[in-house]
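Right, one structure below, let's go through it.
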Number of protein chains: 2
Amino acid sequence: MKLFLSTFINKLDKKGRVSVPASFRLALSGQSFQGIVAFRSYKLSAVEGMGIDRMQRLSDSVDQLDLFSETQDDLTATIFADSQMLSLDGDGRIILPGLLLDHAKIKEEVAFVGRGATFQIWNPKLFEEHQEEARQRVQEKQATLKLRGSDES
Amino acid sequence: MKLFLSTFINKLDKKGRVSVPASFRLALSGQSFQGIVAFRSYKLSAVEGMGIDRMQRLSDSVDQLDLFSETQDDLTATIFADSQMLSLDGDGRIILPGLLLDHAKIKEEVAFVGRGATFQIWNPKLFEEHQEEARQRVQEKQATLKLRGSDES
DNA sequence: CGGGGAATTATGGGATTCAATGGGATAATC
DNA sequence: GATTATCCCATTGAATCCCATAATTCCCCG
């Protein structure tokens with residue numbers, strides 16, 4: 001199961017550690033770096049999280065742009081430079097650096113929010129509000145989605 | 001793991017040495033030259049850094065251009081002629097030559113800035129400003145990126 | 001259906017390791 | 001001989017490992 005689903009709320013201990021939800025750890029297993037890559041969302045008070053494999057694909061995509069171009073530099077400065085490699089300890093925890101805590105306004109509780117291929121890390125309170133607003137926007141706009149590919153069950 | 005991620009700020013000692021971040025050293029391991037290749041960015045007050053392997057690829061790319069063309073000559077002059085091989089000492093440090101320090105206006109603190117397949121070396125203060133501008137440009141232009149490769153993470 | 005383990009997960013804290021840094025001693029270079 | 005580079009070791013603070021315990025979920029059997 002390689003999907004990040006559901007929302008989990010865990011505690012930040014006094015060393016700055018949090019348990020990554022077990023199902024997220026499962027989704028991350030088998031990657032070349034045992035941990036998560038996280039960077040500040042540039043639109044939200046939240047942290048974007050994913051496995052290193054997806055990051056590698058992002059890097060390959062950026063490599064298709066012109067080397068030394070402004071676009072390439074801007075993207076790498078906001079994504080790669082800002083991202084942190086947070087490795088899992090033996091008990092499945094990471095330590096969240098202060099920079100990320102500040103950006104997401106996280107104090108003692110941490111929400112891990114599944115988004116399919118990636119996930120986000122929030123202050124639980126702020127996420128609840130955000131989710132409510134998102135639901136309303138979806139309803140107003142009657143947003144829909146086209147399905148790709150085929151089922152294989 | 002062959003990606004340069006995150007930003008690390010280390011100190012320049014009075015002998016002109018800096019520690020290369022451990023995760024960068026990991027990304028450089030296994031290459032034919034144990035150290036980094038660095039040259040002055042021709043657009044920014046920064047130093048471009050990478051492993052020797054990527055330098056080889058850059059050389060191959062330049063080889064695709066017309067021999068003796070002006071572009072080819074300009075590129076080789078600004079990149080290959082300008083680059084320095086900085087070897088790692090036993091403790092994972094390099095010596096930054098004065099030419100590079102001057103160009104990047106580095107005094108006592110050095111920022112190693114990950115860019116995926118490569119990295120940059122900055123004066124931390126200057127990079128912070130640059131990163132802020134880059135973030136804004138990304139937002140304004142709604143710069144996006146198509147993900148390459150297959151979707152199975 | 002429901003209770004009682006058994007396994008898994010989350011969390012707290014002590015002990016250990018490792019990265020970054022400073023500096024002395026030795027070797028190479030001009 | 002002076003300057004610069006390399007090697008080696010000491011220190012410190014942070015990250016990691018390791019174990020203990022608490023909470024939760026799962027599962028089997030009554």
Side-chain angles (χ1 to χ4, degrees), chain A residues 1 3-29 31-38 49 52 83-102 106-114 119 121-124, chain B residues 1 3-29 33-38 49 84-102 106-114 119 121-124:
Chain A
M1 224 272 298
L3 282 181
F4 301 101
L5 295 178
S6 187
T7 297
F8 300 89
I9 296 174
N10 288 339
K11 288 198 184 61
L12 199 67
D13 72 16
K14 65 187 63 164
K15 289 184 179 178
R17 301 176 298 188
V18 235
S19 290
V20 174
S23 72
F24 283 26
R25 267 144 47 196
L26 189 66
L28 289 165
S29 62
Q31 305 211 353
S32 56
F33 163 66
Q34 246 329 53
I36 74 173
V37 178
I52 191 83
S83 63
Q84 317 235 2
M85 298 178 58
L86 312 177
S87 48
L88 287 164
D89 69 15
D91 302 320
R93 288 177 285 197
I94 54 171
I95 75 164
L96 281 176
L99 184 72
L100 299 183
L101 294 179
D102 292 346
I106 291 170
K107 309 149 305 166
E108 72 262 357
E109 293 210 308
V110 185
F112 287 83
V113 179
F119 60 93
I121 300 174
W122 285 79
N123 171 320
Chain B
M1 221 278 309
L3 280 182
F4 299 101
L5 293 179
S6 191
T7 296
F8 299 90
I9 296 175
N10 288 340
K11 287 197 183 63
L12 199 68
D13 70 16
K14 63 188 63 165
K15 294 181 182 178
R17 301 175 299 186
V18 235
S19 290
V20 174
S23 73
F24 283 25
R25 269 145 42 199
L26 189 67
L28 289 165
S29 62
F33 163 65
Q34 249 324 31
I36 75 174
V37 178
Q84 318 224 8
M85 296 178 64
L86 311 176
S87 50
L88 286 164
D89 70 15
D91 300 324
R93 289 179 282 200
I94 53 171
I95 297 183
L96 281 177
L99 183 72
L100 299 183
L101 294 178
D102 292 346
I106 290 170
K107 309 149 304 165
E108 72 262 357
E109 293 209 307
V110 184
F112 286 83
V113 179
F119 60 93
I121 299 173
W122 284 78
N123 172 320

| message | So, does A:S87 get its side chain near the phosphate of D:dA15, meaning an N or O under 4.0 Å from OP1 or OP2? | response |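 It does not, given that no N or O in the side chain of A:S87 lies less than 4.0 Å from OP1 or OP2 of D:dA15.
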Return the value, rounded to whole Å, for the distance between atom [atom1] of [X] and atom [atom2] of [N].
X: A:I95; N: D:dG13; atom1: CD1; atom2: C1'; answer: 12 Å
X: B:F8; N: D:dA15; atom1: CZ; atom2: C1'; answer: 13 Å
X: B:L96; N: D:dT6; atom1: CG; atom2: P; answer: 13 Å
X: A:E108; N: C:dG12; atom1: CD; atom2: C1'; answer: 16 Å
X: A:I9; N: C:dT11; atom1: CD1; atom2: P; answer: 11 Å
X: A:L88; N: D:dT16; atom1: CG; atom2: P; answer: 10 Å
X: A:M85; N: C:dA19; atom1: CE; atom2: C1'; answer: 15 Å
X: B:D89; N: C:dT21; atom1: CG; atom2: P; answer: 13 Å

| request: Tell me, with the steps shown, if B:D91 and B:R17 meet side-chain contact (heavy atoms from CB on, under 4.5 Å). | output: CA-CA 11 Å; B:D91 300 324; B:R17 301 175 299 186; 5.9 Å; no
| Which letter, B, S or -, goes with each nucleotide of nucleotides 22-30 of chain C from 5' to 3', with contact meaning a protein heavy atom under 4.0 Å? | BBBB-----
| message | Can you tell me how the ring of B:F24 sits relative to the ring of B:F4, calling it parallel under 30°, perpendicular over 60° and tilted otherwise? | response |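 Perpendicular.
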| field | Minimal non-hydrogen separation, B:L3 against A:I52, with atom names | value | CD1-CD1, 4.2 Å
| task | Please check if the distance between the ring centroids of A:F112 and A:F8 is under 6.0 Å. | result | no
| query | Does the A:N10 side chain pair with the main chain of A:V18, one donor and one acceptor, at a distance under 3.5 Å? | reply | no
